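Computed from a predicted model, the values in this text were never measured in an experiment.
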Amino acid sequence: MTLILFNKPWGVLSQFTDKSMTASADGARATLSDYIDVPGVYPAGRLDRDSEGLLILTDDGALQARISSPKHKTPKTYLAQVEGEPDDAALDALRRGVTLNDGPTRPATVCLIDPPQLWDRDPPVRYRKSVPDSWIELTITEGRNRQVRRMTAAVGYPTLRLVRWRIGGWEIGDLGLGEWRVVN
């Protein structure tokens, strides 16, 4: 079995090819194949193009399903830079679960954190002097499309930057941006 931890940069698709008709003017968007040249591995779940952080790739279909399927409730921890400073009511709503257009979410574990020491993002997150931002650590056990972004927006604090830090027992650790390693 092969298991790869990859620190996915912003702007990279969570797939090996780009078959989209919305590709950039030169016809190509960054994909996993720009970083990883290991045959037979596939992502266990997805990470949006405009999100960064931990992506697990494996050649083990059962493990891939266990990580990505909501029925297995694999915890996924994100560091989210949000617009504004979430109050206790917003954090409590996330802890109880919020209702999105596709139904209620499972309760999340969430807390305010100090700004983490992360790599620079290219392009940088927009900065507005008149609107403060803050960071939260949020753990979910689902994985709906753009779920964390939709959850923070639902409680009034849109996500500006989203970094997945941990999936189950695996975490980014000291992996640099765009780096990957095989783990046992």
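Linking Ile, Leu, Val, Met, Phe, Trp and Tyr residues whenever their side-chain heavy atoms come within less than 4.5 Å places Leu162 and Tyr157 in a single cluster. Grouping the Ile, Leu, Val, Met, Phe, Trp and Tyr side chains by contacts below 4.5 angstrom, directly or via other members, places Val41 apart from Leu13. Residues Met1 and Ile56 fall within the same hydrophobic cluster, defined by Ile, Leu, Val, Met, Phe, Trp and Tyr side chains chained together at heavy-atom separations under 4.5 Å. Cluster annotation: Leu112 is not connected to Leu118 through the hydrophobic network of ILVMFWY side chains, with a link wherever side-chain heavy atoms come within less than 4.5 Å. Linking Ile, Leu, Val, Met, Phe, Trp and Tyr residues whenever their side-chain heavy atoms come within less than 4.5 Å places Val110 and Val82 in a single cluster.
Side-chain contact check for Leu55 versus Leu32: some heavy-atom pair is nearer than 4.5 Å. Side chains of Ser51 and Tyr78 form no contact here, defined as non-hydrogen atoms less than 4.5 Å apart. Put simply, the side chain of Asp133 does not reach to within 4.5 Å of the side chain of Arg161, judged on heavy atoms.
Taking CG of Leu175 as the reference point, atom CG of Leu5 lies at 6.5 Å (rounded to 0.5 Å). For the atom pair CG (Asn184) and OG1 (Thr2), the distance works out to 10.5 Å, reported to the nearest 0.5 Å. For the atom pair CG of Leu177 and NZ of Lys8, the computed distance is 9.5 Å after rounding to the nearest 0.5 Å. In this structure, CG in Leu138 is found 5.5 Å from CE in Met151, a value given to the nearest 0.5 Å. Interatomic distance, Lys76 NZ to Trp170 CH2, rounded to the nearest 0.5 Å: 10.5 Å. Annotation: the span from Arg121 atom CZ to Glu52 atom CD amounts to 6.0 Å, rounded to 0.5 Å.
Among all heavy-atom pairs drawn from Trp10 and Pro123, the shortest one is CZ3-CD, 3.2 Å. Of all non-hydrogen atoms in Leu100 and Ala154, the two that sit nearest each other are CD2-CB, 4.1 Å. Residues Ile140 and Ala108 approach most closely at CG2-CB, 4.1 Å, considering heavy atoms. Between Gly178 and Tyr35, the shortest heavy-atom contact is O-CD2, 3.6 Å. For the pair Gly53 and Ile172, the tightest heavy-atom approach, listed with the atom from each and the gap, is CA-CD1, 3.7 Å.
Although no hydrogens or angles enter the test, the distance criterion places no donor-acceptor pair under 3.5 Å between the side chain of Thr77 and the main chain of Trp165. Between the side chain of Thr105 and the main chain of Val98, a donor-acceptor pair closer than 3.5 Å is present.
Residues meeting the side chain to side chain contact (heavy atoms under 4.5 Å, CB included) test with Val182, sequence neighbours left out: Ile4, Trp180. For Asp48, the salt bridge (charged side-chain N to carboxylate O under 4.0 Å, His left out) partners at least two apart in sequence or on another chain are Arg146.
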(message) Let's go through Leu79 and Glu137 carefully: what are the C-alpha distance in whole Å and the side-chain angles of both, what is the deciding distance for side-chain contact (heavy atoms from CB on, under 4.5 Å) to 0.1 Å, and is it a yes or a no?
(response) CA-CA 5 Å; Leu79 307 180; Glu137 180 180 284; 4.0 Å; yes
(message) side-chain contact (heavy atoms from CB on, under 4.5 Å), that's the test. Do Ile136 and Thr152 meet it? Break it down for me.
(response) CA-CA 10 Å; Ile136 60 172; Thr152 63; 4.0 Å; yes
(request) Go through Leu3 and Asp60 one step at a time and tell me if the side-chain contact (heavy atoms from CB on, under 4.5 Å) criterion holds. (result) CA-CA 8 Å; Leu3 183 84; Asp60 183 329; over 6 Å; no
(request) Check step by step if side-chain contact (heavy atoms from CB on, under 4.5 Å) holds for Leu54 and Phe6. (result) CA-CA 6 Å; Leu54 184 60; Phe6 174 52; over 6 Å; no
Which side-chain N or O atoms in residues 84-94 pair as donor and acceptor under 3.5 Å with protein atoms at least two apart or in another chain?
from	atom 1	to	atom 2	distance (Å)
Asp87	OD1	Ala89	N	3.4
Asp87	OD1	Ala90	N	2.9
Asp92	OD1	Arg95	NH1	2.8

Atom pairs and distances, donor-acceptor, side-chain atoms in residues 61-69, under 3.5 Å, two or more places apart:
from	atom 1	to	atom 2	distance (Å)
Gln64	NE2	Pro43	O	2.7
Ser68	OG	Gln64	O	2.8
Ser69	OG	Lys71	N	3.3

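Residue Asn101 qualifies as enclosed at atom CG: its count of foreign heavy atoms under 6.0 Å is above 12.
Classified by interplanar angle (parallel below 30°, tilted 30° to 60°, perpendicular above 60°), the ring pair Phe16/Tyr42 is perpendicular.
Applying the salt bridge (Lys or Arg N to Asp or Glu O under 4.0 Å) rule to pairs touching residues 163-184 yields Arg166-Glu171, Asp174-Arg181, sequence neighbours excluded. Under the salt bridge (Lys or Arg N to Asp or Glu O under 4.0 Å) criterion, the residue pairs touching residues 100-111 are Asp102-Arg144, Asp102-Arg150, with sequence neighbours excluded.
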